[in-house]
Amino acid sequence: PYVRLDFPLTPGAVELADLTRYRGLRFEARGEGVFRLLAATYGSRAGDSFASPFSASGEWRKIKIPFTALQRSSAGAAWNPRAVRAFVFEISAPPGAAAWLELDNLALY
């Protein structure tokens, strides 16, 4: 199983959002699988988004991901808080396995 859930920061995630006054994203989560938070940014290609893994279990858990934890595989790629279009939650699991994720109370901090 593999799925992504997009949370656009502007209508249609077309315009860029300015996140300079924020340090990260916080939310509550529970689930089973392998999870990543990705930031869809101007200039990033599919498969090379700023991303950070996070874990969840069957119990609700508060999670804070600072923007400094978001990394790209491209060398020299710098985080630009004025070039973000959306936050994307990615869920994956091995073939034949089940995966699920519940989210609540998403907020910038």
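For this chain, numbers begin at 1 and follow the sequence in order. All values below were derived from every heavy atom in this structure, side-chain atoms included, with hydrogens, water molecules and symmetry-related copies excluded.
The two residues Val88 and Ala40 come nearest to each other via the heavy atoms CG2-CB, 4.5 Å. Considering all non-hydrogen atoms of both residues, Gly33 and Ala99 come closest at CA-CB, 4.4 Å. Looking at every heavy atom in both residues, Ala56 comes nearest to Phe35 through CB-CE1, 3.7 Å. Scanning both residues, Leu37 and Leu70, for their nearest heavy atoms gives O-CD2, 3.9 Å. Taking each heavy atom of Ala39 and Ser49 in turn, the nearest pair found is O-CB, 3.7 Å. Closest non-hydrogen pair, Ala29 versus Ile63, comes out as CB-CD1, 3.9 Å.
Arg30 and Glu59 are not joined by a salt bridge, as no carboxylate oxygen comes within less than 4.0 angstrom of a charged side-chain nitrogen.
Leu5 has its side chain out of reach of Leu101: every pair of non-hydrogen atoms, C-beta onward, lies at least 4.5 Å apart. A heavy-atom distance below 4.5 Å is found between the side chains of Trp79 and Thr41. Within the 4.5 Å cutoff, the side chain of Phe67 has heavy atoms near those of the Leu108 side chain. The closest side-chain heavy-atom distance from Phe87 to Leu19 is below 4.5 Å.
When hydrophobic clusters are built by joining Ile, Leu, Val, Met, Phe, Trp and Tyr residues whose side-chain heavy atoms come closer than 4.5 Å, directly or via intermediates, Leu106 is grouped together with Val3.
Note that CD of Glu32 is 9.0 Å distant from OG of Ser57, once rounded to the nearest 0.5 Å. With rounding to the nearest 0.5 angstrom, the NZ atom of Lys64 is 6.5 Å from the CZ atom of Arg26. Atom CZ of Arg82 and atom OH of Tyr42 lie 16.0 Å apart (nearest 0.5 Å). Taking OG1 from Thr68 and CD from Gln71, the interatomic distance works out to 8.0 Å, rounded to the nearest 0.5 Å.
Annotation: Tyr109, atom OH; neighbour count of heavy atoms from other residues, nucleotides and ligands within 6.0 Å is above 12.
Remark: the backbone N or O of Asp48 is not paired with any side-chain donor or acceptor of Ser73 at under 3.5 angstrom. Under the 3.5 Å distance criterion, the side-chain polar atoms of Asp6 are left unmatched by any main-chain donor or acceptor of Ala86.
Applying the side-chain hydrogen bond (donor to acceptor under 3.5 Å, both in side chains) test to Arg85 and every residue at least two apart in sequence or in another chain returns nothing.
Counting only residues at least two apart or in different chains, ring-ring contact (aromatic ring centres under 6.0 Å, His included) contacts with residues 12-33 comprise Phe27-Phe54, Phe27-Phe89.
Side-chain contact of Arg61 with Ser55: a donor-acceptor pair under 3.5 Å is present, judged by distance alone.
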